[in-house]
Amino acid sequence: MDNIVIFGAPGSGKGTYSAALVEHFGYAHISTGDVLRGEIKADTELGRIAKGYMDQGQLIPDELIIDMLANVYDSKKGSKGVIFDGFPRTIAQAEALKALLNSRGQDVTAMIELDVPEEELMDRLLKRGQLSGRADDNEETIKKRLVVYNEQT
Ligand code: ADP
């Protein structure tokens, strides 16, 4: 099974490239941001906790996201491959991913980094905010997410 990590700042195009890889290779897509937005929509306990962090542009605590990821990964068992979009974002998450995969006889197959200048990221995210209405795509929260990316990811 292929385990592909797609890595890059908010707005770098992880979701867009993941969709192309899913289409071309038939992989399953794990977007931690999408899973969290689903939890918020379903008004689960995890969703309620996550919303507070996401609205502030902060990362969800490692323990919560790592547990969630393990469950989602196991639900994709039997697929040709998986694309990890938005995970890992901290060193602890990277170590947890390695341990999770190794304990299942798997490893990271490849990692793709999308490297985009910061002015371009800001421009894209502001436009996305106008189109999609995503709560965290406003100027103040975008700036915080970029700081968090540079410092923690
Ligand atoms: P973007 O890459 O544009 O920030 P995402 O949808 O990947 O968009 O993430 C949105 C928010 O979800 C993040 O700002 C963070 O609060 C939370 N999140 C997503 N993935 C993780 C993760 N791996 N660890 C912690 N928080 C996460």
Side-chain angles (χ1 to χ4, degrees), residues 1-22 27-42 44-76 79 81-104 106-126 128-129 132 134-153:
M1 182 170 170
D2 291 339
N3 295 285
I4 314 287
V5 174
I6 190 154
F7 187 79
S12 59
K14 300 186 294 293
T16 306
Y17 278 95
S18 296
L21 293 170
V22 165
Y27 291 147
H29 181 205
I30 301 180
S31 158
T32 43
D34 285 350
V35 176
L36 291 167
R37 282 183 287 276
E39 296 283 330
I40 292 173
K41 216 167 166 194
T44 63
E45 196 189 343
L46 174 61
R48 283 194 288 270
I49 297 170
K51 190 174 181 342
Y53 291 96
M54 291 168 84
D55 286 349
Q56 295 299 313
Q58 300 295 332
L59 297 181
I60 277 61
D62 283 331
E63 321 78 77
L64 291 178
I65 199 98
I66 288 167
D67 271 359
M68 181 188 95
L69 183 92
N71 289 326
V72 181
Y73 184 72
D74 288 335
S75 76
K76 307 288 184 196
S79 55
V82 164
I83 303 172
F84 294 95
D85 162 4
F87 189 98
R89 275 166 127 110
T90 62
I91 292 171
Q93 290 181 20
E95 286 167 348
L97 179 62
K98 182 101 181 143
L100 170 92
L101 293 176
N102 290 171
S103 71
R104 288 154 176 82
Q106 301 285 321
D107 210 340
V108 175
T109 312
M111 179 164 155
I112 302 166
E113 185 189 7
L114 303 174
D115 189 10
V116 178
E118 205 145 295
E119 315 82 72
E120 173 71 21
L121 295 172
M122 182 56 94
D123 196 48
R124 286 187 192 172
L125 290 167
L126 286 172
R128 185 172 78 187
S132 73
R134 231 178 86 170
D136 56 350
D137 283 341
N138 61 75
E139 190 166 355
E140 194 194 337
T141 313
I142 293 168
K143 280 188 182 147
K144 280 195 205 144
R145 281 155 63 208
L146 294 175
V147 169
V148 166
Y149 179 76
N150 287 321
E151 285 178 354
Q152 298 184 48
T153 306

Nearest-0.5 Å distance that lies between atom CG in Leu69 and atom CG in Leu64: 12.5 Å
Spacing of Phe87 atom CZ and Met68 atom CE [to the nearest 0.5 Å]: 8.5 Å
Ion pair check, Arg145 and Asp137, cut-off under 4.0 Å: yes
Val5 vs Pro88 side-chain heavy atoms within contact, under 4.5 Å: yes
Value rounded to 0.5 Å, distance of CD1 in Ile4 from CD1 in Ile112: 6.0 Å
Check against side chain to side chain contact (heavy atoms under 4.5 Å, CB included), Arg37 and Arg134: CA-CA 10 Å; Arg37 282 183 287 276; Arg134 231 178 86 170; 3.2 Å; yes
Shortest non-hydrogen contact from Pro10 toward Leu146: CD-CD2, 4.1 Å
Heavy-atom closest pair, residues Asp55 and Ala135: OD1-CB, 4.2 Å
Distance, nearest 0.5 Å, that separates CD of Glu140 from NZ of Lys143: 9.0 Å
Over 12 foreign heavy atoms within 6.0 Å of CD, Glu45: no
Set of residues satisfying side-chain contact (heavy atoms from CB on, under 4.5 Å) with respect to Glu39, sequence neighbours excluded: Thr44, Leu46
For Lys76 against Ser79, the heavy-atom pair lying closest together: O-OG, 2.7 Å
Exercise: identify the closest heavy-atom pair between Asp34 and His29: OD2-CE1, 4.4 Å
Sole candidate of Val108, Ile6, Thr32, Leu97 that passes side-chain contact (heavy atoms from CB on, under 4.5 Å) when paired with Phe84: Leu97
Least distance between heavy atoms, Gly57 atom then Val148 atom: O-CG2, 3.6 Å
Salt bridge flag under 4.0 Å for residues Asp136 and Lys144: no
Over 12 non-hydrogen atoms of neighbours within 6.0 angstrom of CD1 in Ile91: no
Any donor-acceptor N/O pair, Gln93 side chain to Arg89 backbone, under 3.5 Å: yes
Donor-acceptor under 3.5 Å (Asn3 side chain, Thr109 main chain): no
Flag, side chain of Asn102 to backbone of Gln106, donor-acceptor distance under 3.5 Å: yes
CD1 on Ile49 to CE on Met54, rounded to 0.5 Å: 13.0 Å
Under 3.5 Å side-chain donor-acceptor pair for Tyr17 and Asp85: no
Minimum-distance pair of heavy atoms, taken over all atoms of Leu114 and Gly13: CD1-C, 3.6 Å
Which residues share a side-chain contact (heavy atoms from CB on, under 4.5 Å) with Val147, sequence neighbours left out: Glu151
Distance (rounded to the nearest 0.5 Å) between Ile30 CD1 and Tyr73 OH: 7.5 Å
Polar side-chain atom of Asp123 near backbone of Glu119 as donor-acceptor pair, under 3.5 Å: no
Mutual orientation of the aromatic rings belonging to Tyr149 and Phe7 [parallel < 30°, tilted 30-60°, perpendicular > 60°]: tilted
Residues in salt bridge (Lys or Arg N to Asp or Glu O under 4.0 Å) contact with Lys14, at least two apart in sequence or another chain: none
Verdict with supporting geometry, Ser12 and Leu121, side chain to side chain contact (heavy atoms under 4.5 Å, CB included): CA-CA 6 Å; Ser12 59; Leu121 295 172; 4.1 Å; yes
